[in-house]
Amino acid sequence: MLADIVSNLSLGLSVAASPEGLLFLVIGAFVGMIVGLFPGFGPAAGIAVLIPMTFGLTPTIAIIMLAGIYYGSMYGGTITSILINTPGESATVASTLDGYPLAQKGRAGPALVMQAVASFFGGTIGVILITALAPSLANFAASFGPSEYFLIIAVGLLMLTTMMGDNKFKGFISALIGFAVGTVGVDVMSGQQRYTFGSPEMIGGVYFVAVAIGLFGIGELLHCILNGQHLQPAKRLRISFRDKEFWPTRQDYHESRFTFWRGSAIGFIAGVLPGSGATLGSIIGYSVEKKIAKDPEKFGKGEMRGLVAPEAANNAASAGAMVPLLSLGIPGSGATAVLLGAFLMWGLQPGPMLIVNDPEFVWGLIASMYLGNMILIALSIFAIPLFVKFLDVPYVNVVPVIVLLCVIGAYAINASIVETWILVVSGLIGFAMKKYGYSPAATVLALVLGSMAEETFLQTYIISQGTMNLFWTRPVSLILSLILLTIIAIPVLIAFLRRTKPLKETSDQRGQ
Amino acid sequence: MKKWFAAALLLLAIGYTAYGLSTLSLYTSSGRPAAGFFPLLIGLALIVSCAINLWGDVREWQAERAAGVLHTHQTDPAAEGTAEALGIDTYRLDGRREYGRDVAITFVYLCGFVAILKLVGALPAMIVFMLVFLFTFNRAHPLSNVLYSLALPGFLYLLFKVLLNASLPTGPLGF
């Protein structure tokens with residue numbers, strides 16, 4: 001097995017380490033870090049907007065660049081978390097808890113270096129686990145039928161919505177909206193047109209890129225404007241790696257030596273589970289670290305372990321999220337959903353057969369993630385002064401740049417003004433969804449997976465002659481059905497218990 | 001606004017289902033599910049969930065009104081009207097000031113940009129959008145606004161049109 005892995009990785013390295021592969025990997029990592037720096041422009045929007053820029057590239061190089069944006073944004077998002085207490089990305093929110101107090105204590109340099117090291121550690125551990133797990137999972141998934149695939153999609157979407165706290169129900173509605181939009185176009189089974197209103201441009205369906213750019217790009221941007229981000233003055237900061245105080249001490253590394261491992265393990269598991277992803281992984285990583293620490297009172301006041309844990313976790317999670325994407329073709333987050341859309345656009349069919357049919361692509365991508373993490377740690381340490389300079393640009397100047405990229409990006413894909421208007425409408429809907437607690441990520445995920453969900457659901461229906469008994473007669477389907485029922489039952493049970501407890505307390509008080 | 005958004009979603013869900021029922025068949029002649037089967041399932045699930053969601057949002061609004069904790073207005077009446085027309089909330093959230101008027105203005109500019117994109121061409125449309133946006137929100141720096149509005153669209157145009165050969169709309173001026 002080890003020999004297989006080594007030979008596969010060397011195949012991947014021959015693709016990723018080619019001059020063209022390295023060039024676009026560096027571009028992707030650099031752009032990813034910039035995407036991470038600015039609030040309101042997360043990795044999902046970054047990938048979606050830059051898809052048109054990859055048209056002249058081969059599919060493997062294009063996806064290597066887009067994946068670089070994805071995990072590069074995890075590195076970049078922390079810079080603002082530490083320096084100005086503003087997470088550039090939701091996955092770096094937990095990093096502000098100790099990152100910013102460290103900067104206030106005059107330890108911004110060591111914090112930035114330690115976050116880069118932790119990110120590298122988490123990211124690399126994550127890629128090693130992908131290398132080991134993705135082929136095995138793909139082998140296992142090769143026996144999956146339509147019922148298993150439908151249930152995996154349903155479990156993934158439900159998990160994504162149940163992670164939304166009080167807004168689970170709105171997350172569920174968001175997923176249904178995605179499915180509804182996904183039904184526009186030609187029906188795959190009968191060839192009949194649906195919801196096209198006679199427009200030839202709608203026959204191919206609503207293109208996910210325009211919707212993703214609108215929901216994640218324009219929607220987030222409008223929300224940032226609503227919060228007055230565009231009126232904030234530029235933050236003029238200066239950091240130099242030539243300063244003596246820039247580097248972490250030996251004690252910093254010594255105290256965090258186990259934190260690197262714990263954070264990476266927690267993050268990877270969170271990433272593999274559909275729906276939880278890097279944000280939850282980093283929060284759990286931080287909470288666990290604080291809980292097991294002998295001195296938890298130090299956390300939140302500038303404790304290095306409080307920064308290392310979420311950083312290792314969010315990078316391991318971003319790698320972990322690639323496992324279901326590559327082996328099952330099921331993304332677990334908004335950003336990986338956009339990546340899946342890019343796969344499909346390039347004619348790659350993600351799923352268990354991808355590793356068999358396109359080994360150069362899969363192993364090239366995995367190998368590029370090893371190299372990408374090396375490039376990112378170098379960029380994160382030696383180019384910090386340059387990235388800090390980007391913060392000199394006031395947000396009011398960043399807003400029109402994002403709008404131009406979104407509009408030009410949406411138009412350039414199919415030279416379609418209809419799709420550009422879809423972007424505008426999606427932007428307004430994305431803004432309202434963000435403001436009122438709905439989930440744009442669930443909508444995009446459902447839109448991308450909509451046709452697959454419909455096809456597998458109807459195949460299950462037809463094979464089982466309308467009884468749907470495949471959901472409980474096949475062992476894997478049965479397990480997935482039970483997981484699905486558990487995900488639905490637990491929140492209902494908790495809500496029921498919460499409701500009955502006050503009633504019981506009231507009746508007890510009356511009894512007294 | 002939250003309840004109005006929920007109401008709009010419910011209306012759209014009803015429209016989606018009704019249109020699907022009237023234009024698509026549910027089963028084929030051999031009794032297999034046809035093009036309308038899955039949309040009907042989605043539509044019904046949407047109607048039920050959107051109705052429950054609207055009910056919850058209305059109850060929340062009523063509870064807030066009864067407790068007298070309705071959010072206060074932050075912007076001027078004209079801006080409020082514009083934001084209302086565009087379906088944007090102008091109320092305070094989490095105790096912080098909100099800039100609903102600026103959201104409305106940005107959105108109108110965005111619509112204008114897309115509307116003129118094919119008429120005047122990509123480069124002039126980008127320059128006009130940048131100038132209008134920056135002279136609205138960054139009036140203190142006119143010179144840098146002009147330079148920025150010329151340089152950035154020029155760079156993007158070169159990148160997409162010349163380097164990447166992407167199809168961008170061409171106007172009467174040839175770019």
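All values below were derived from every heavy atom in this structure, side-chain atoms included, with hydrogens, water molecules and symmetry-related copies excluded. All figures in this text were calculated on a predicted structure; none of them were measured in a lab. Within every chain, numbering begins at 1; the chains are lettered A, B, ... in the order of the sequence lines, protein sequences first and strands thereafter.
Taking 4.5 Å as the limit, some side-chain heavy atom of Lys170(A) sits within range of a side-chain heavy atom of Asp57(B). Counting heavy atoms from C-beta on, the side chains of Phe129(B) and Val407(A) never come closer than 4.5 Å. For the pair Thr23(B)/Phe197(A), no side-chain contact is recorded, criterion being any heavy-atom separation below 4.5 Å from C-beta on.
Remark: aromatic rings of Phe431(A) and Phe107(B) are distant, center separation not under 6.0 Å. For an aromatic pair to be called close, the ring centres must be under 6.0 Å apart, and Tyr395(A) with Phe137(B) fails this.
When heavy atoms are compared at a cutoff of 4.5 Å, Ile218(A) approaches chain B solely by way of its side chain, counted from C-beta outward. Residue Leu152(B) touches chain A through its side chain alone, counting heavy-atom pairs closer than 4.5 Å. Contact annotation for Leu231(A): only side-chain heavy atoms (C-beta onward) come within less than 4.5 Å of a heavy atom of chain B. With a 4.5 angstrom heavy-atom cutoff, Tyr157(B) does not touch chain A via any of its atoms. For a residue to count as touching a neighbouring chain, one of its non-hydrogen atoms must lie under 4.5 Å from one of that chain's; by this rule Ile173(A) touches chain B with backbone and side chain alike. Both the backbone and the side chain of Leu46(B) come within contact range of chain A, judged by heavy atoms closer than 4.5 Å. Heavy-atom distances place no part of Ala8(B) under 4.5 Å from chain A, backbone and side chain included. Neither the backbone nor the side chain of Leu12(B) has a heavy atom closer than 4.5 Å to any heavy atom of chain A. Only the side chain of Ile462(A) has a heavy atom closer than 4.5 Å to any heavy atom of chain B. Heavy atoms of Gln465(A) lying under 4.5 Å from chain B are absent altogether. Leu168(B) touches chain A through backbone and side chain together, each having a heavy atom under 4.5 Å away. Neither the backbone nor the side chain of Val186(A) comes within less than 4.5 Å of any heavy atom in chain B.
Partners of Thr136(B) according to the side chain to side chain donor-acceptor pair (under 3.5 Å) rule, which considers only residues two or more places apart in sequence or in another chain, are Tyr109(B).
Between the side chains of Asn53(B) and Tyr436(A), not a single donor N or O lies within less than 3.5 Å of an accepting N or O.
Nearest heavy-atom pair, Val401(A) versus Tyr148(B), reported as atom, atom and distance to 0.1 Å: CG2-OH, 3.2 Å. Scanning both residues, Gly450(A) and Phe38(B), for their nearest heavy atoms gives O-CE2, 4.4 Å. In this structure, Arg194(A) and Ala35(B) approach most closely via the heavy-atom pair NH1-O, 2.8 Å.
Between chain A and the options Leu159(B), Leu156(B), Thr28(B), Ile42(B), heavy-atom pairs under 4.5 Å are most frequent for Ile42(B). Note: Asn397(A) leads Asp187(A), Asn397(A), Val396(A) in heavy-atom pairs under 4.5 Å with chain B. Heavy-atom pairs under 4.5 Å with chain A peak, among Ala125(B), Ser167(B), Cys50(B), Ser49(B), at Ser49(B). Options Thr420(A), Val424(A), Leu404(A) differ in how many heavy-atom pairs under 4.5 Å they form with chain B, and the most are formed by Leu404(A). Among Gly228(A), Ser190(A), Ala180(A), the residue with the largest count of heavy-atom pairs under 4.5 Å with chain B is Ala180(A).
Rounded to the nearest 0.5 angstrom, Phe5(B) CZ and Met433(A) CE are separated by 6.0 Å. To the nearest 0.5 Å, atoms CD1 (Ile105(B)) and CD1 (Ile225(A)) are separated by 10.0 Å.
Remark: of the listed residues Leu428(A), Asn227(A), Leu226(A), Leu226(A) is the sole one forming a side-chain contact (heavy atoms from CB on, under 4.5 Å) with Val103(B).
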Trace of the side-chain contact (heavy atoms from CB on, under 4.5 Å) decision for Phe133(B) with Val403(A): CA-CA 11 Å; Phe133(B) 182 88; Val403(A) 171; over 6 Å; no
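For Tyr195(A) (side chain) and Tyr16(B) (main-chain N/O), a donor-acceptor pair under 3.5 Å exists by modelled atom type.
At a heavy-atom separation below 4.5 angstrom, chain A is approached by Leu110(B), Cys111(B), Phe113(B), Val114(B), Ala115(B), Leu117(B), Lys118(B) within residues 110-119 of chain B.
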